[in-house]
Amino acid sequence: MEKIGFVGLGIMGAPMAGHLLDAGFEVLASDHRGALPAELVGKGLKSVAEHQALAKAADIIILMVPDTPQVADVLFGKNSVSSGLSKGKLVIDMSSISPIETKEFAKKINALGCDYLDAPVSGGEVGAKAASLTIMVGGEEKPFERARPVFEKMGRNITLVGPNGVGQTTKVANQIVVALTIEAVAEALVFASKAGADPAKVRQALMGGLAASRILEVHGERMYKRTFAPGFRIELHQKDLNLALQGAKALGVSLPNTSMTQELFNSCAANGGAKEDHSALVRALERMANFEVGAEAEAKGKAA
């Protein structure tokens, strides 16, 4: 089994690395940002001081960091991954970043005699913990097949969608769908709840029809239960929609509903909600309605 170097042990990265350890892979992590998660250390996670040393020691290097600048720094900054690479190694970026920058990163890594895959994921913290992530891969067939045994320990729906950059383009498209669906669910539950309906029962009824979706199932419940601890933060979804809108401008494409949904996220962030789960987008609509989802049902329950 190939030795894995993992950079980015956050909400998503930690459980992903945990699955690799459980599967018997030797996993290394650079610990420059503090102590490694105790649970992973208990499973056998080893540490090295810098990204350069990680790249020297590992056969496959996986990145799972927040944004394009962080990927650039890990790959090409001080004591970087690129400075520790040797021919034949594989770099996999599972972050969600700019498709345009991804193509440039891939060219630089390829010039060192190494392969590069952009493999962003969808499924959030729940999917990361359950090893059920959707993985959208950009790159060549040979490194994709090399990486498949690794991907299969972290996800289920694993697709090579095209050359480098196309994985990230697919993730941007995914984030458009997710954001607009969250907005639609939020509108529906605000409307129904203010009309006097119990949002929990409305959600239950809708799950049996054409409106059913994973977003309605998971985030609809979050909205009426007020559980906004982050599985995926609003500030990260803002970042992804910025990528969509920047790409749309470059392509000459109009994304009117994406723009509107980004403004709702902006409203949430302006009101202190940047680090809340993206389902908290409902708060922006609640402010406009001067009504909180679930308030009517709660009032009826107290009256009874």
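Predicted model only: the values in this text are computed from it and were never measured.
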Asker: Would you check if the side chain of N164 reaches a backbone N or O of A106 as a donor-acceptor pair within less than 3.5 Å?
Answerer: no
Asker: Side chains of I158 and F144: does their closest heavy-atom pair fall under 4.5 Å?
Answerer: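 Yes, their side chains come closer than 4.5 Å.
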Asker: Does K3 have any salt bridge (Lys or Arg N to Asp or Glu O under 4.0 Å) partners at least two apart in sequence or in another chain, and if so, which?
Answerer: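 K3 satisfies salt bridge (Lys or Arg N to Asp or Glu O under 4.0 Å) with E26 once adjacent residues are dropped.
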Asker: So, do L75 and V91 sit near enough that their side-chain heavy atoms are less than 4.5 Å apart?
Answerer: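 Answer yes - side chains close enough.
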Asker: Closer than 3.5 angstrom, by distance alone: can the side chain of D118 be matched with the main-chain N or O of D93 as a donor-acceptor pair?
Answerer: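 Such a contact is absent between D118 side chain and D93 backbone.
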Asker: Would the distance check show the side chain of N79 and the main-chain N or O of Q52 forming a donor-acceptor pair, the cut-off being under 3.5 Å?
Answerer: no
Asker: Please confirm whether the backbone N or O of V293 pairs with a side-chain atom of E286, one donor and one acceptor, at under 3.5 Å?
Answerer: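 Yes, E286 side chain to V293 backbone: donor-acceptor pair under 3.5 Å.
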Asker: Who are the salt bridge (Lys or Arg N to Asp or Glu O under 4.0 Å) partners of K108, not counting sequence neighbours?
Answerer: none
Asker: For residues L245 and S259, determine if any side-chain heavy atom of one lies less than 4.5 Å from a side-chain heavy atom of the other.
Answerer: yes
Asker: Is there a donor in the side chain of H51 and an acceptor in the side chain of S30, or the other way round, less than 3.5 Å apart?
Answerer: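 Per modelled atom types, H51 and S30 side chains form a pair under 3.5 Å.
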Asker: Rounded to the nearest 0.5 Å, how far apart are CG of L189 and NZ of K194?
Answerer: 15.0 Å
Asker: Going by ring pair (Phe, Tyr, Trp, His ring centres under 6.0 Å), name the residues that satisfy it together with F191, two or more places apart in sequence or in a different chain.
Answerer: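 Result, ring pair (Phe, Tyr, Trp, His ring centres under 6.0 Å) vs F191: none returned.
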Asker: For residues I60 and R146, determine if any side-chain heavy atom of one lies less than 4.5 Å from a side-chain heavy atom of the other.
Answerer: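 In contact.
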Asker: Say you draw a straight line from CD of E221 to CD1 of I215; how long is it, rounded to the nearest 0.5 Å?
Answerer: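 So the CD of E221 and the CD1 of I215 are separated by 13.0 Å.
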Asker: Would you say L21 and L45 make side-chain contact, with heavy atoms under 4.5 Å?
Answerer: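 Touching, per the 4.5 Å side-chain cut-off.
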Asker: Would you check if there is a donor-acceptor pair between the side chains of S122 and N174 at a distance under 3.5 Å?
Answerer: yes
Asker: For residues 193-228, which residue pairs pass the ring-ring contact (aromatic ring centres under 6.0 Å, His included) check, not counting sequence neighbours?
Answerer: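 Matches after skipping sequence neighbours: H219-H278.
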Asker: Do I92 and F151 have side chains that get closer than 4.5 Å, going by heavy atoms?
Answerer: yes
Asker: Could you tell me whether the side chain of K249 and the main chain of S254 form a donor-acceptor pair under 3.5 Å?
Answerer: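 Not a single qualifying donor-acceptor pair exists.
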Asker: Would you call R283 and E276 a salt bridge, using N to O less than 4.0 angstrom?
Answerer: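 Looking at R283 and E276, the cut-off is met.
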Asker: Is the shortest heavy-atom distance from the side chain of K275 to the side chain of E235 under 4.5 Å?
Answerer: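 A side-chain contact exists here, since the closest heavy-atom pair is under 4.5 Å.
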Asker: Does F6 reach the side chain of I61, with side-chain heavy atoms less than 4.5 Å apart?
Answerer: no
Asker: Going by the rule ring pair (Phe, Tyr, Trp, His ring centres under 6.0 Å), which residues pair with F105 if we only count those two or more places apart in sequence or in a different chain?
Answerer: F76
Asker: Looking at N257, is its backbone amide N or carbonyl O close enough to the side chain of T261 to form a donor-acceptor pair, meaning the two atoms are under 3.5 Å apart?
Answerer: yes
Asker: Could you walk me through whether K43 and D22 pass the salt bridge (charged side-chain N to carboxylate O under 4.0 Å, His left out) check?
Answerer: CA-CA 7 Å; K43 292 183 176 183; D22 291 339; 3.2 Å; yes
Asker: Using the ring pair (Phe, Tyr, Trp, His ring centres under 6.0 Å) criterion, which residues pair with F265? Sequence neighbours excluded.
Answerer: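 Residues passing ring pair (Phe, Tyr, Trp, His ring centres under 6.0 Å) with F265: H237.
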